[in-house]
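Only one structure is covered here, and it is reproduced in the block below.
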Amino acid sequence: MDLENQARVKALAEQYGSDDLIVILGGAEAESCGLTAETVSAGDPTFAGPLAGVPLGLKAYHIFELKDEIDPGIYDEQIAMMEMVMDADAIKGEVTTYRGA
Amino acid sequence: MRFPVIKGAAYALIHANDMVLHQGSTQTSEARLNPGSEYLKALPAHLRSFQEVVAYPPNQVYIGNLRPAALKAIPRPWRENPVSGAGREGKFGEIMPLDEFYGLVKAADMFDLVLMEGNYQKATAAKLATHSAVADWKTLAALEKGYAPPERIRELVAGGQAEPMYLAGQLIGCVRKAHDFDAALSEHVMFENLVSKASAAFCLSLLLRKTGLPATAVEYIIECSEEACGDMNQRGGGNFAKAIGELCGCVNATGSDTRGFCAGPVHALVEAAALVRAGVYRDVVVVAGGASAKLGMNGKDHVRKGLPILEDTLGAFAVHIGADDGLSPILRIDIVGRHRIGSGAAPQAVMRAIVTDPLDQGGIPLADVDCFSAELQNPEITEPAGAGDVPLSNYKMIAALGVTRKDFAREDLAKVVERIGMPGFAPTQGHIPSGVPFLGHCREMMLEGLLRRVMVIGKGSLFLGRLTNLFDGVSLVVEKNPGGGPEDQARVGRTRVGLTLAGSEHGEAEMLRGALLAQERDPAVEVVAIGRAAPPGLALVEAADAEAAREKMESMLASGELDAAVTMHYSFPIGVSTVGRVIAPALGRGMYIANTTGASDTSRIRAMLKNAITAIAVAKACGNETPSVGILNVEGARQVERALTDLRDHGYPIRFAASGRADGGAVMRGNDLLRGGPDIMVTDSLTGNVIVKLLSAFTAGGDRETLGDGYGPGAGEGCERIINIISRASGAPVVAGALSYAGACARGDLPGRVAGEFALARKAGLDKALAELAGPVGPAAPAGPAELAGPAGSVGPAGASAPSEPAELAGPAGASAPPGPAGAGALAAPAQAAGGERKEQTATPPPPKAVSEELTGVDILVLEDAERALWRAGIYATAGMGCTGPVILVAAADKEKAIAALKTARFL
């Protein structure tokens, strides 16, 4: 996960606490989405960024998982095409893994 | 419209493995930030040999020896399946080894910045001296002298004064800084710029050699790499283009640089095409060299995964854009796609802006694009680096966009991706993969008829420049050259209108001015001049004189090479007459004058009724679906008004205009003519003719028509061709107007509109109305007085309410017109002058001949009798209407005999 983004997530979690904060992902690949989900939950597994050893316990969702929460018109306008292009099931499966119970 | 074409494309790769290590920014950054890097230690073992690079399948596709689709048949990884027997020479270009390329860098150096070790320099000079594309570079002479001592090179490099040139691990030369402290002229920048310049020039030379384009013919060069040349006061001041052209001997060219990150080449193509289309330059080259900084960009991933360094080649391309040759693929600059500043960043918005918006604008269904050439990065390079298969993602996005728009069914998604795409094969040199690498194949495949339409897409990540977060994208459609076929012309959306040049009272130059004016004002029209000569920018079909021009015009209309034509002198058969278009001076409104030449009918009043219907068809063809109709207050106006009202009452949709005068009504006064009250002013041909001349020439002193669109298209039932008439007095603006008018009639399917309009009128009782207007022609019918009472009497409604006299008697020869046979209907009585005998109304024509001679002087009232009289005399003849009145048309060989016969029968 991008180091700058790690820093931003860390700062937001410190400001607002972890209880009412989720992270929404828009990544194109399951592996990188999973890595990001892991980073914001258990800490940076590569130990390269500000979240190394900092388990924020944040839940990450890919935007595809939040389809029901979004106005269908806007979803169609902004997301529907890419949902067809990407391997949405693999991404969802990977991201879910890191949310725990 | 003639579109610019792709006349040729060339591609070059330079195997630059030593540069990967010493100039690739990933490696130089690593060396600076992480001295003793394990990656840098491991890297040399991952470099490929020249033969491996040559035999690498994507590289063979890039230089044209394999089609992109061939990669589908080669198992991945391609690096493990080399092309057997592959050579460095390609159909479109070449793969050059580094030792030769360094020689080109030296030859590209005009400021003695490149130093080379003597033995190496001599060996390279010998190789380049026999190279088929660059041997004639004058600057190769620089390789013949100035050998640098190796220690001097080492000293400069070690002292930070020069960028090293390594070959197989040996330091053989260097590029010195061009200024003591100017960072824009540092050794590093100068090295990159010289590499870019030399590789681009190499590729331009390949283009010249492979296409036969003389270097001296190039008029403009657009360079579109991602480098910047200039000094600290104008970093990026340019001009790579001219520097490249200089090396290649393009002494007649100038040029400039276009930048747009990876979208730059497609921007440059659009610009080149526009310059050619506008006639600014005839032969334009778009060129770009390679980027040494990008070598080994993803090297860390490649090394980590045990792969060779696949980013070991510099890429270059050159494309020649020229005027239409009737053969090469055309560039549809009328439907260029662009990601607008306000388009938005969502992938869907981006693809809409670049792909579907322009296609929608051009009326081309997404499914009608054979394939897309978008970001052709070799996936074998990008996938190990986590960037996926870039071309495949593009094809998926285009197909998915098509699904959201319902262009494709969702279940066909995979099939569509397969059909519209191709495997990526270009080196990841930024601007190089974006759209252009396919142009060479595309040209060849279109010439072979394998492809019809391709969209070329360039995309750029502008945010890398840290001035904006925006993204960019441009697209351009390439199509198989229609080559002048009528169907293809219709497809490309331009109407070809012929113009015969001979016969104008103002000379052919005035006609040509009108033609150029038409093309300038009306992008929907392409004018084809038919005559002796035409200026650049105007298509010419040669014809020595007026007669030859007329024949050429007829044959081209018949074959569909022309959609319509404009001419000065043309004889339409009875039943066809022209609907003119003028500008009414009071309010500047356009107004159709129905009609202006020819005769819709031998009866003047029946002709006026038909004129109204014909003109409605013309107005509809030109886009006015509900034209208002007024009838000019000439003799017979009230009869025509009654007939049209009857038709309306029986269901014919007609909208009457109202006179601007106090008493209103659909019968128009002279004032309404000046005001342009109705959209259509119905009158008889001769009056209409006078009106057009008057309203066209009154501001120009009378002898030159400068306003309006001329006398209009000949139209009538069964008339399938669109021929617009102008007069010998028509000036350039009227010629231009007539060309546009003719083009609009062709696009609006005038013949179809006329047929449809008459069918509607027939349903509402047109035939009955025509028969009533003719009326019985009895012996008691007054021959002349009724006609003469018209003009002599009041001009108001009273005069027009004259008894419904047989129309035949209202002719100009009224006084001498004889009583007709009872119930003769439409046909006129025989001429009294012919001896008072009643002629047979029927006669069998002799076998048809080509009739080209016009005999004038026969009265319109007895025109058909004269025709039949000639038939009986064994002479084939047809009655028609010329510009100045009725004519009998006969074959040239029969002319004298026909005149004699007509004189004998007192028709003349």
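In what follows, chains are A, B, ... by sequence order, proteins preceding strands, each numbered from 1.
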Count the heavy atoms belonging to other residues, nucleotides or ligands that lie under 6.0 Å from [atom1] of [X], then report whether that count exceeds 12.
X        : atom1 : result
B:Lys72  : NZ    : yes
B:Arg338 : CZ    : no
B:Gln361 : CD    : yes
B:Lys305 : NZ    : yes
B:Ile341 : CD1   : no
B:Arg405 : CZ    : yes
B:Arg76  : CZ    : yes

Practice problem: With chain B as the partner chain, list the residues of residues 70-88 of chain A whose heavy atoms fall under 4.5 Å from it, by residue number, and write 'none' if nothing qualifies. | Solution: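 The list, in residue order, reads A:Asp76, A:Glu77, A:Gln78, A:Ile79, A:Ala80, A:Met81, A:Met82, A:Met84, A:Val85.
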Query raised in the report: Which residues, numbered in order, of residues 3-29 of chain A come under 4.5 angstrom of chain B by heavy-atom distance?
Result: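 Near chain B, by residue number: A:Glu29.
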Would you please name every residue forming a side-chain contact (heavy atoms from CB on, under 4.5 Å) with B:His302, sequence neighbours left out?
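Expected list: B:Asn298, B:Leu307, B:Leu310, B:Glu311, B:Ile381, B:Pro384.
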Can you name the side-chain contact (heavy atoms from CB on, under 4.5 Å) partners of A:Thr97, sequence neighbours left out?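 A:Thr97 satisfies side-chain contact (heavy atoms from CB on, under 4.5 Å) with no residue once adjacent residues are dropped.
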Check each atom of B:Leu401 against the heavy atoms of chain A and say whether the ones under 4.5 Å are side chain, backbone, both or neither.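 Both backbone and side chain of B:Leu401 come within 4.5 Å of chain A.
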